[in-house]
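What follows is a short report on a single structure.
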Amino acid sequence: MFENMQLIYVAIPLSCLVASIIAGVFGKKIGRAGAHTITISAVALSFVLSLVVYFDVLAGNKFNGSLYTWAISGGVPFEIGFLIDELSATMMAVVTFVSLMVHIYTVGYMHDDPGYQRFFSYIALFTFAMLMLVMSNNFLQLFFGWEAVGLVSYLLIGFWFQRESAIAANLKAFLVNRVGDLGFLLGIAAIAFLFGSLDYSAVFSAAPQAAAVTVPFLGVETTWITLICLLLFVGAMGKSAQVPLHVWLPDSMEGPTPISALIHAATMVTAGIFMIARMSPLYELSETALSVVMVIGAITAFFMALIGLVQNDIKRVVAYSTLSQLGYMTVAMGASAYAAGMFHLVTHAFFKALLFLAAGSVIIAMHHEQDMRAMGGLRKPLPITYLTAVIGTLALVGFPGFSGFFSKDAIIEAVHLSKLPGSGFAYIALTAGVFVTSFYSFRLLFLTFHGRPRMDQEVRRHVKESPWVVTVPLVLLAIPSVVIGAWYVEPMLFGGFFGESLKVLPEHDTLAQLAHEVPDATGVELLLGIMLHGMLAPPFWLFLVGAIAAWVMYIDKPELPGKLAVKFSAIYRTLMNKYGFDEFYERVIARGIRSIGHVFWQIGDAKVIDGWMVNGTARVVGWFSGIIRHIQTGYVYHYAFAMIIGLFLLMTLFLKF
């Protein structure tokens, strides 16, 4: 399409970086308007150029090459380069569009915040980091983007650093992700050791020949590929918040709502999903790794959804929804339904960003009240927010025709067809999760927008719809939340949309098996066939039951939830305590490490190093100096006497021998 697409590739992330530097360094000079103008313009440019790249890739033009070599160590080149194919082009378009909507929305949401310019600098830098991650063609650049999004998320979660809760939340996110990133870094090191290269193409082409190479690990003989995949997945567990490294994500709500949308929708938390999809040539060679990925994802999808049932903070409900949906994507990766997982990543990016920004619009109208128990009856004063929230909810729960219906149901069906160990458990967990998702999603709608108003009269009088800079992004996100699933279900699931960017072995190809169960048709006929098939499947009926149950408990009989909480108090407390993960990490892990540190300090540092080695050496020198002091008197006759005694001893020894 263009003579030199490489310039466009470079301009897409670089424009965001330059805008971030200008807004951050020169924020006071350019002012608030200058900060949001430069960053929004830069991200808009990145989005337009990403669309150019997207359509260029669909036309058959791909790119895989290095821009320059940063260093060479042990014969392994450390390069900066891009891999532009269907997978990366899709991510680029999604990331830049959602980021653009968040940037525009931020103008209204952060209007009165004193850190206005700093916030725009951070979110532009966040976008740059994510683009570098998804565009990379080697593990070094992948790790750079991986760590960069983690760093900027730390800054954004703790953006309101005057709050102790924000500082605790960003520190928690930082520490938990360091655990995951240790595994990720070890996985990359193992790749460099085994293949002698960090380039994707070189590693992927050599992987089949190395599939049988074994290594002893923790007393078990396993293949290098399995070990590498599991180590990389540890990194994905941290970044994409899978059990047990999920605890940081709900607390990230301490940051401003725009960054909640940016982190949860299409950027940081989906990095792990994208990474597994990109590494599909490796994961396909290890059924053990695939099963582990599938089971961990299933646990996250169901049990994190249960916590969403009892949350009262509107943003935390959506946050636990993100955890659950990430579990669905992870299960898809484990079932080798990579295309279905990426399809759900795309649809989820739009409707989850929509839900977060709609929640932010409610928070603005409620003067930063986030407790749903203090809301109610907001559908009339907030008509645009309400309508878009309904659209986002229907997409999330999988209402037929909406985007989530096509992608989520495809994952459930693919898992049902999988023969890998753990697939049965995963199918049950995902199917049951549909009911839970529907219940807490409609609970949020009913508590927030329906029923009698439960806010103070003063707040109620001032509730009004958000300004256009808030509502326009909501509308623009609502459109793909409705149509993107129907538009892409055929090419992404059954049309080989991702081409060679995703590798699936024939014996693992659950989507190929699924294609035999859908109508042999195209276009509208295929969509109607898929919708009819879905409406006859268990997930559809579980969605209906969940919606009806939420209506009964929060509209028809609002006293019922309180009674059930008392009757099933043990379960309620368990969910409110989030299964005790935080307490366990604090009491066992954190306190244990602090106790070990205290022992090293008291014994190792104070007694051994300071007491024996440093102070002990000084005392020995002092004691020895005290003895020598008595000998060094300064009188000549004392020295002469010592010399005579010495001479006598030497003569005695000489004559003796």
Side-chain angles (χ1 to χ4, degrees), residues 5-10 12-14 53 57 61-92 129-149 181 183-213 215 223-236 239 271-286 289 333 338 342 498-505:
M5 289 295 293
Q6 291 186 37
L7 293 178
I8 295 179
Y9 302 151
V10 173
I12 291 173
L14 193 61
V53 171
V57 169
N61 301 314
K62 305 176 186 179
F63 176 79
N64 181 18
S66 298
L67 302 183
Y68 68 93
T69 300
W70 176 56
I72 298 177
S73 177
V76 179
F78 295 164
E79 299 175 328
I80 304 299
F82 295 142
L83 172 57
I84 308 298
D85 57 9
E86 295 88 352
L87 183 61
S88 56
T90 300
M91 288 295 295
M92 290 160 61
M130 190 64 189
L131 287 170
M132 290 297 288
L133 189 156
V134 301
M135 296 172 68
S136 62
N137 75 337
N138 62 83
F139 288 93
L140 173 69
Q141 187 173 325
L142 174 69
F143 186 71
F144 166 77
W146 193 270
E147 292 302 305
V149 293
D181 292 351
F184 190 65
L185 185 58
L186 290 174
I188 294 176
I191 288 172
F193 173 79
L194 182 62
F195 298 102
S197 175
L198 293 177
D199 182 76
Y200 289 165
S201 298
V203 172
F204 295 160
S205 61
Q209 289 74 37
V213 181
V215 58
T223 65
W224 269 106
I225 297 295
T226 296
L227 179 60
I228 288 171
C229 289
L230 291 177
L231 288 172
L232 294 177
F233 181 58
V234 171
K239 201 67 69 184
I273 307 301
F274 166 80
M275 184 274 295
I276 298 175
R278 177 61 82 195
M279 300 303 132
S280 58
L282 299 180
Y283 279 88
E284 282 299 289
L285 300 175
S286 174
M333 299 295 132
Y338 304 104
M342 289 303 301
F498 292 104
E500 294 298 315
S501 61
L502 299 177
K503 303 288 186 180
V504 184
L505 295 179

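Fair warning: this is a prediction, and the values are worked out from it, not measured in the lab.
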What pairs with Tyr200 under ring pair (Phe, Tyr, Trp, His ring centres under 6.0 Å), at least two apart in sequence or on another chain? Phe139, Phe204
Ring centres under 6.0 angstrom apart (Tyr9, Phe63): yes
Verify side-chain contact (heavy atoms from CB on, under 4.5 Å) between Phe195 and Ile228, making sure each step is shown before the conclusion. CA-CA 11 Å; Phe195 298 102; Ile228 288 171; 4.2 Å; yes
At their closest point, which heavy atom of Ala129 faces which heavy atom of Ala148, and how far apart are they? CB-CB, 3.5 Å
Once side-chain hydrogen bond (donor to acceptor under 3.5 Å, both in side chains) is applied, do any residues pair with Ser66, and if so which ones, sequence neighbours excluded? Glu79
So side chain to side chain donor-acceptor pair (under 3.5 Å) across residues 271-282, not counting sequence neighbours, yields Asp85-Arg278
So how far is it from Leu142 CG to Leu198 CG, rounded to the nearest 0.5 Å? 10.5 Å
Atom pair CD1/CD1 of Ile84 and Ile12 - distance to nearest 0.5 Å: 6.5 Å
So do Leu232 and Met279 actually touch side chain to side chain, heavy atoms under 4.5 Å? yes
What distance do Leu14 atom CG and Leu131 atom CG have between them, rounded to the nearest 0.5 Å? 11.0 Å
Closest non-hydrogen atom pair between Met342 and Phe274, with its separation: SD-CA, 4.4 Å
Using every non-hydrogen atom in the two residues, find where Leu133 and Ala271 come nearest and quote the distance to one decimal. CD1-CB, 3.9 Å
I'd like to check the side-chain contact (heavy atoms from CB on, under 4.5 Å) partners of Glu147; sequence neighbours left out, ordered by chain and number. Phe143, Arg178, Asp181
side-chain contact (heavy atoms from CB on, under 4.5 Å) between Trp146 and Met275, intermediate numbers included: CA-CA 10 Å; Trp146 193 270; Met275 184 274 295; 3.8 Å; yes
Partners meeting side-chain hydrogen bond (donor to acceptor under 3.5 Å, both in side chains) with Asn137 (sequence neighbours left out): Asn64
Minimum heavy-atom separation for Ile225 to Ala211, with atom names? CG1-CA, 3.9 Å
Quick one: are Asn138 and Phe78 in side-chain contact, heavy atoms under 4.5 Å? no
With sequence neighbours left out, the residues meeting side-chain hydrogen bond (donor to acceptor under 3.5 Å, both in side chains) with Ser197 are none
Using the rule side chain to side chain contact (heavy atoms under 4.5 Å, CB included), only one of Met92, Met135, Met91 pairs with Met130; which is it? Met91
Please determine whether side-chain contact (heavy atoms from CB on, under 4.5 Å) holds for the pair Lys503 and Tyr338, giving the CA-CA distance in whole Å, both sets of side-chain angles, and the decisive distance to 0.1 Å. CA-CA 9 Å; Lys503 303 288 186 180; Tyr338 304 104; over 6 Å; no
dist Lys239:NZ -> Phe233:CZ (nearest 0.5 Å) comes out at 14.5 Å
Are the side chain of Tyr283 and the backbone N or O of Cys229 linked by a donor-acceptor pair below 3.5 Å? yes
Nearest non-hydrogen partners of Ala289 and Ser286, listed with the distance: N-OG, 3.1 Å
Is there side-chain contact between Ile80 and Phe144, with at least one heavy-atom pair below 4.5 Å? no
For the pair Glu86 (side chain) and Val57 (backbone), establish whether a donor and an acceptor sit closer than 3.5 Å, ignoring hydrogens and angles. no
Show the nearest heavy-atom pair for residues Ile191 and Leu282, with the distance to one decimal. CD1-CD1, 4.4 Å
